[in-house]
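Here is the structure we will look at.
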Amino acid sequence: MSGKLKYERLRGFRDLYPEDMEPKDRFFENAKKVARSFGYSMIDYPSLESIELYLDKSGEELLGQTFSFTDKGGRNVTLLPEATPSVMRMLTSRKDLPRPVRWFGIPKIWRYEEPQSGRVREHFQFNADLFGPDSPAADAEIITLASDILDSCGLNGKFHIKLNNRKLMDSILEAINVDNIPKAFSIIDRFHKIDVEEFRRSFLSVAGNEGNVDKVLDLVREKGPAEQICLKIEEAFADNGNISETIERLKQTSALIREYTGNEPYIDLSVVRGLSYYTGTVFEFSDAEGQFRSILGGGRYDSLAGNISGTDIPAVGFGMGDVVVELMMKKYGKWNASENIMKAYLVSTSPAGTHICLKVAKSLRENGIVAISDLSGRSISNQMKNASSSGASIAFIAGDREKESHSVTVKDMQTGSQTSVKLESLESFVFSKIQEFRQRIST
RNA sequence: GCCGGGGUGGGGUAGUGGGCAUCCUUGGGGACUGUGGAUCCCCGGACCCGGGUUCAAUUCCCGGUCCCGGCCCCA
């Protein structure tokens with residue numbers, strides 16, 4: 001009879017039903033809590049921006065991957081493809097803010113791409129930035145924030161922190177006379193997706209000779225603790241002053257991250273990040289088992305403010321999409337329906353009973369208990385079924401009998417025991433039930 | 001934009017060139033005019049769309065569409 005649904009969800013967009021929305025909401029609440037504990041303040045910005053904000057920064061290739069259109073005033077606008085430019089716009093139009101500025105937001109982000117595992121066309125992103133300091137300590141703080149958020153979701157030890165530095169990569173590529181650095185980055189970025197021979201072939205076109213290709217290949221193919229990787233780089237480029245300076249910074253940052261998070265970050269020279277505006281530290285977090293695409297990515301972008309407003313402001317930040325986090329949390333059994341909250345179900349068998357239920361519900365809600373009224377008006381048997389499937393731990397039943405005796409019948413849904421409570425003593429009864437419930441869930 | 005694999009009730013499935021299709025689950029109702037999770041009964045609900053082959057297509061062929069996965073890209 002009903003047949004095909006007439007209106008279908010757009011490709012790459014998601015409907016979030018309670019079973020997914022609740023865990024997602026809890027994830028973001030956790031993230032907010034952690035960010036606030038670091039002194040970060042929440043901000044928000046429009047979902048629509050003038051397309052110029054991205055053109056200035058990223059060039060024309062961006063256009064094909066945004067949801068863009070011309071509005072009724074003839075302006076070219078686009079749904080946010082990333083958060084950073086908007087955050088920068090906000091920052092640079094407030095010169096009065098004392099630094100450091102610590103901000104986070106949870107925007108929706110849109111990208112017109114083919115959906116696949118871990119990627120959709122509209123997603124939530126937890127985005128945090130630190131403006132002002134340009135020290136290793138600042139880089140380490142933002143990375144620690146990201147790490148602590150994942151820890152707070154029960155993913156402790158399930159992810160790897162991969163760290164690199166754009167300046168270091170610049171210096172290395174300059175040292176071997178690569179002139180097309182963006183192209184070299186794009187090849188390095190694809191290192192793990194292509195085989196060694198293809199890498200050699202591609203990289204030869206920018207590196208000039210086989211020896212240089214081998215040098216880079218040797219560095220890019222290995223990831224490990226700072227000590228080990230930095231030693232390799234030093235051996236290969238001992239005489240280069242620029243390189244040893246950046247290596248020092250990488251070592252410091254790495255040591256601070258180890259100290260703050262308790263986890264050893266991996267130096268991974270294949271992590272260069274696609275974004276053109278990164279200027280120093282870049283990082284990525286990935287599933288320790290390598291199953292999913294990156295959980296989050298970020299880095300330092302000290303010149304972006306200058307591009308927008310003329311004055312550089314040191315900045316470091318990251319964006320963490322909700323999609324891969326969800327995959328991770330599901331994989332490790334952390335994507336659970338809901339926390340234990342006390343729910344009460346109100347069963348009414350007559351208009352007089354409904355009147356009593358309304359009063360009881362009000363009292364329950366004032367005491368922080370979820371009170372669900374049965375609105376079906378059906379048999380008590382059916383109402384009890386509803387009570388049961390709602391997950392309520394307690395049911396209040398009222399009808400004409402209760403009206404007579406000025407009371408309400410209370411049934412404990414777990415034990416099945418039932419008592420009658422006078423309406424005058426309802427408050428204290430509810431209070432004792434709350435205590436009992438708390439005790440029950442804590443054991 | 002490109003490549004590969006798939007589409008049977010809301011979800012998960014069985015099956016067939018020939019009687020508008022199996023089972024589980026979910027939803028609604030009842031047994032149960034004042035007591036839940038069990039059991040039993042009843043009801044609702046599907047062959048993605050279009051064309052072709054055929055006496056006959058849910059089944060075979062072609063095209064489309066959608067979903068899933070991958071490429072590109074990941075700002």
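Note that these values count all heavy atoms, side chains included, but never hydrogens, waters or copies made by symmetry.
Checking each of A:F285, A:F283, A:Y266 against A:F159 for a ring-ring contact (aromatic ring centres under 6.0 Å, His included) leaves exactly one that passes, namely A:F285.
Candidate nucleotides B:U35, B:C72, B:C74 were compared by shortest atom distance to the side chain of A:R119, and B:C72 ranks first. When distances are taken from the side chain of A:R293 to each of B:G69, B:C74, B:G29, the shortest belongs to B:C74. Considering only side-chain atoms of A:R378, the nucleotide from B:G37, B:G28, B:C74 that sits closest is B:G28.
Base pairing of B:G1: its partner is B:C71, meeting the Watson-Crick or G-U wobble criterion (both donor-acceptor distances under 3.5 Å). Under the Watson-Crick and G-U wobble criteria, each requiring two contacts below 3.5 Å, nucleotide B:U39 is paired to B:A31. Across all strands shown, nothing is found opposite B:U58 as a Watson-Crick or G-U wobble partner with both distances under 3.5 Å.
Between A:K193 and B:C72 there is a side-chain polar atom (N or O) within less than 4.0 angstrom of OP1 or OP2. Phosphate proximity of B:C74 to A:Q65: absent, as no side-chain N or O sits under 4.0 Å from OP1 or OP2. At least one side-chain nitrogen or oxygen of A:N382 sits closer than 4.0 Å to the OP1 or OP2 atom of B:G30. Note on A:R190: a side-chain N or O is less than 4.0 Å away from OP1 or OP2 of B:C72. Close to B:C66, at under 4.0 Å from its OP1 or OP2, lies no side-chain N or O of A:R11.
Looking at A:E436 and A:K433, a side-chain N of the basic residue comes within less than 4.0 Å of a carboxylate O on the acidic one, giving a salt bridge.
Minimum heavy-atom separation, A:V178 to A:A207: CG2-CA, 4.0 Å.
Judged by distance alone, the side chains of A:D412 and A:Q414 never bring a donor and an acceptor atom under 3.5 Å apart.
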